[in-house]
Number of protein chains: 2
Amino acid sequence: MDEDNAARVMVRNITDLARLAGVSPGTVSRALAGKSLVNAKTRARIEALAREHGFRPNQMASGLRRQKTGVIGVVIPLGHDSRQQISDSFFMTLLGHLADELTREGYDLMLRRVVPENDADWLDRFIGSGMIDGVIVIGQSDQFDRIEDVADGYGPMVVWGNHTEGQQHCVVGTDNRLGGRLAAERLIAAGATRLAFLGDTTAIEFAARFAGAQDIAARMGLPPIITLPTHLSPDRASEEIACHLSQHTSTIDGIFAATDTLAALCLTELRDQGIAVPEAMKLVGFDDLPIARQTVPPLTTVRQDIAAGARGLVDLLLRRLAGEKTESLVLPPELMVRATA
Amino acid sequence: MDEDNAARVMVRNITDLARLAGVSPGTVSRALAGKSLVNAKTRARIEALAREHGFRPNQMASGLRRQKTGVIGVVIPLGHDSRQQISDSFFMTLLGHLADELTREGYDLMLRRVVPENDADWLDRFIGSGMIDGVIVIGQSDQFDRIEDVADGYGPMVVWGNHTEGQQHCVVGTDNRLGGRLAAERLIAAGATRLAFLGDTTAIEFAARFAGAQDIAARMGLPPIITLPTHLSPDRASEEIACHLSQHTSTIDGIFAATDTLAALCLTELRDQGIAVPEAMKLVGFDDLPIARQTVPPLTTVRQDIAAGARGLVDLLLRRLAGEKTESLVLPPELMVRATA
DNA sequence: AAGATTTTTGCAATCGTTTGCAAGTCACGC
DNA sequence: GCGTGACTTGCAAACGATTGCAAAAATCTT
């Protein structure tokens, strides 16, 4: 009878539970929050009741009162290539690791994709919503300036991307320029002399990779590296690569692809056009995604440590939430030599 | 001077803005919410001020008062294979499409990964948090019963997964059993007679795929399909596949892989062991991920329409939020014949 | 120009939780 | 018996936006 009643009574808020427990709402709040100021017996009783009724404090109300939500925003700006970038394996893997790290730290993750051209103040909007305690931006895309604008008015923001000398915002990312150097060095060591860069250099990370490769080409006295711009979505990229190859195949003997995904597509096209890799064409990718080990032949590539990146992003963000003023974190790339160069 | 002042004054809430505009907070709220009850001129003034000060109403407060948050929870239970399932390409791609669809409908997406064994009431916790208007569960994993329990007390939930006769919860998913049939039929049509299923049949979706394949094997009078269980994370799966192959390679001539990812790994192992595909071993995958087109030889696989799945999930969820009582949605799989079977 | 309508606005309660402050209880020692 | 602390609890004011209701202002009727 008593239990029937207990199960029947709807407990919608802390006040209902307080009535049931015969205490004040304040006490229930303190008990459920695990504060030390409440008597052990009372706490036990309250916890039992809460469990019995499946009651959980409303996070919205709690967030409102405490002025913090326990939610970290993760935003992916689809700037220079608005379609399908989110399905890019690299970003997705990073996102997975972020989810892990944030969960471990007791935060929830609010994901938002935005198309900056459609909506100029995507970042302020997210931050100003009051729903998130801090924000992680995945990829600078072509939004460097806007991010920079926001950075000095808003502390708890960390960005995945490229580090530029003297920038305001706190960034975590691989040393893309160094990665580009490693790639070019490898291509040249493998015997290539006329290089091409496959990818859209509008994206700042890609531009840095290209610049690094160009450093080496220049130092070695090779002709300038030509760029073969592509989109990132697999279908469009395929065509574009095919087109590039048929035009330049006789004038180049080494390709540095901005991404393993592009490299893999390129490899497929090369095979279709009967160009032997690595004999007639050397190829190096970037990222070291799982696919790099599965291509035929396996892809030589520059590795980014995604897990370390995610850890860095979360770590820095938490420090910033605690009020610390943090420096950027630049991770070292690592050359993975396999069979394409 | 005036503008200086305007820029200097901090506008933290609707009341501040009301003071500035010389109206009451209520009016500001109505103006910003785009209600028709407010005078056009007043609204213009208020909107201008809001823009000027970069003010946005606090979503927490709004959510609290309106009892809805504009956020949809997306939860990925890591049940039968707790590690790294989120980085599975299929789920990630689905997640990307979900983000698109939800954004288009004006909802935000809150992502949560949970490990059910560590925390039994993962689903109730998420729902009871008051942070989300509805929930999409990606993958039933081994949590079918728990989901089922929740389903009749809570309306706005839709699950990606397998449809079982007579189940409570609303599910969207491919007809896995039919997919399994298509795969087995193709393997057999290509000349295979002794089949194996590669994947962990604890996962209910995989079990259905296996069952479908078994249907066909039985109908054709072939010996029962053997199962080669694996984990989903690439590193462990690789070893396990290698081990399975070295044991069974002489007794089977066709493999149905639960996933394209597994199929691709399997293909790599087959090559390493010098087994010709499709001559000595036929192989069919599942999902039709981008990778399926890039393997050598290209992978014959059963396609799931991920975009349609995402659209279905969101559509059904919105209908349920509107109070409608919806049926499950079972999508047809499609066989993509390439070169491995 | 007074009365009847229709817009616009303001008032104040409400959503559910947290927390500073003050009051209450209890045990202890003098 | 009473003052002193150490624990526990209750009270009530926040947090910031929304909205039913009623008052005020503007517009229309006749």
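Heavy atoms only: backbone and side chains are in, while hydrogens, waters and symmetry mates are out.
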Q) For the base of C:dG10, is there a side-chain donor-acceptor partner from B:R30 under 3.5 Å away? A) yes
**Q.** Presence of salt bridge, A:R319 and A:D315, under 4.0 angstrom
**A.** yes
Q: List the steps and the verdict of side-chain hydrogen bond (donor to acceptor under 3.5 Å, both in side chains) for A:Q140 and A:W160.
A: CA-CA 7 Å; A:Q140 291 148 320; A:W160 173 268; over 6 Å; no
Q: Give a yes/no on whether any side-chain N or O of B:N58 is located under 4.0 angstrom from OP1 or OP2 of D:dG16.
A: no
Q. So what does A:K35 hit on the nucleic acid, given a heavy-atom distance under 4.0 Å: a base, only sugar-phosphate, or nothing?
A. sugar-phosphate
Q: Look at the side-chain N and O atoms of A:Q67 and state whether any lies under 4.0 Å from the OP1 or OP2 oxygen of D:dG16.
A: yes
Q | Between D:dG20 (P) and B:R66 (CZ): distance, integer Å | A | 13 Å
Q.
Taking the nucleotide of DNA chain D with the nearest heavy atom to each, does A:S24 or B:A61 sit closer to the 5' end?
A. A:S24
Q) Rounding to a whole Å, what distance do you find between B:M10:CE and D:dG16:C1'? A) 16 Å
(Q) Rounding to an integer number of Å, can you tell me how far A:I14 CD1 sits from C:dT19 P? (A) 11 Å
Q: Using only side-chain N and O atoms of A:T27, determine if any of them is under 4.0 Å from OP1 or OP2 of D:dG10.
A: yes
(Q) Please report the distance, rounded to the nearest Å, between CD in B:Q59 and P in C:dC15. (A) 21 Å
Q) Between D:dA17 atom C1' and B:D16 atom CG, what is the distance in whole Å? A) 13 Å
Q: Identify whether any heavy atom of A:V23 sits under 4.0 Å from a base atom; if not, whether one sits that close to sugar-phosphate; answer base, sugar-phosphate or nothing.
A: sugar-phosphate
Q. Where do A:V114 and A:L78 land on the side chain to side chain contact (heavy atoms under 4.5 Å, CB included) test, with the steps shown first?
A. CA-CA 6 Å; A:V114 297; A:L78 307 179; over 6 Å; no
Q) Hey, is the side chain of A:S62 poking within less than 4.0 Å of OP1 or OP2 on C:dT18, counting only N and O atoms? A) yes
**Q.** Atom pair CE (B:M92) and CZ (A:F91), whose distance is rounded to the nearest 0.5 Å
**A.** 13.5 Å
(Q) Just the rounded figure in Å: distance from P of D:dT9 to CG of A:L17. (A) 14 Å
Q | Side chain to side chain, B:D124 and A:R56, heavy atoms closer than 4.5 Å | A | yes
Q.
Taking the nucleotide of DNA chain C with the nearest heavy atom to each, does B:L64 or B:L37 sit closer to the 5' end?
A. B:L37
Q) D:dA26 C1' sits how many Å from B:N39 CG, rounded? A) 10 Å
Q. Touch check for A:R12, heavy atoms < 4.0 angstrom, all strands: base, sugar-phosphate only, or nothing?
A. nothing
Q.
If you only use heavy atoms from C-beta on, which nucleotide in C:dT17, D:dA17, D:dG16 is closest to the side chain of A:S29?
A. C:dT17
Q) To the nearest angstrom, how far is B:N13 atom CG from D:dT18 atom P? A) 12 Å
**Q.** Neighbour count above 12 (heavy atom, 6.0 Å) for A:E327 CD
**A.** no
(Q) Measuring to OP1 and OP2 of C:dT9, would you say a side-chain N or O of B:T42 lies under 4.0 angstrom away? (A) yes
Q) Counting only distance, no hydrogens or angles, is the base of D:dT18 paired donor-acceptor with the side chain of B:R65 under 3.5 Å? A) yes
Q: With heavy atoms under 4.0 Å as the rule, sort B:K68 into base, sugar-phosphate or nothing.
A: nothing
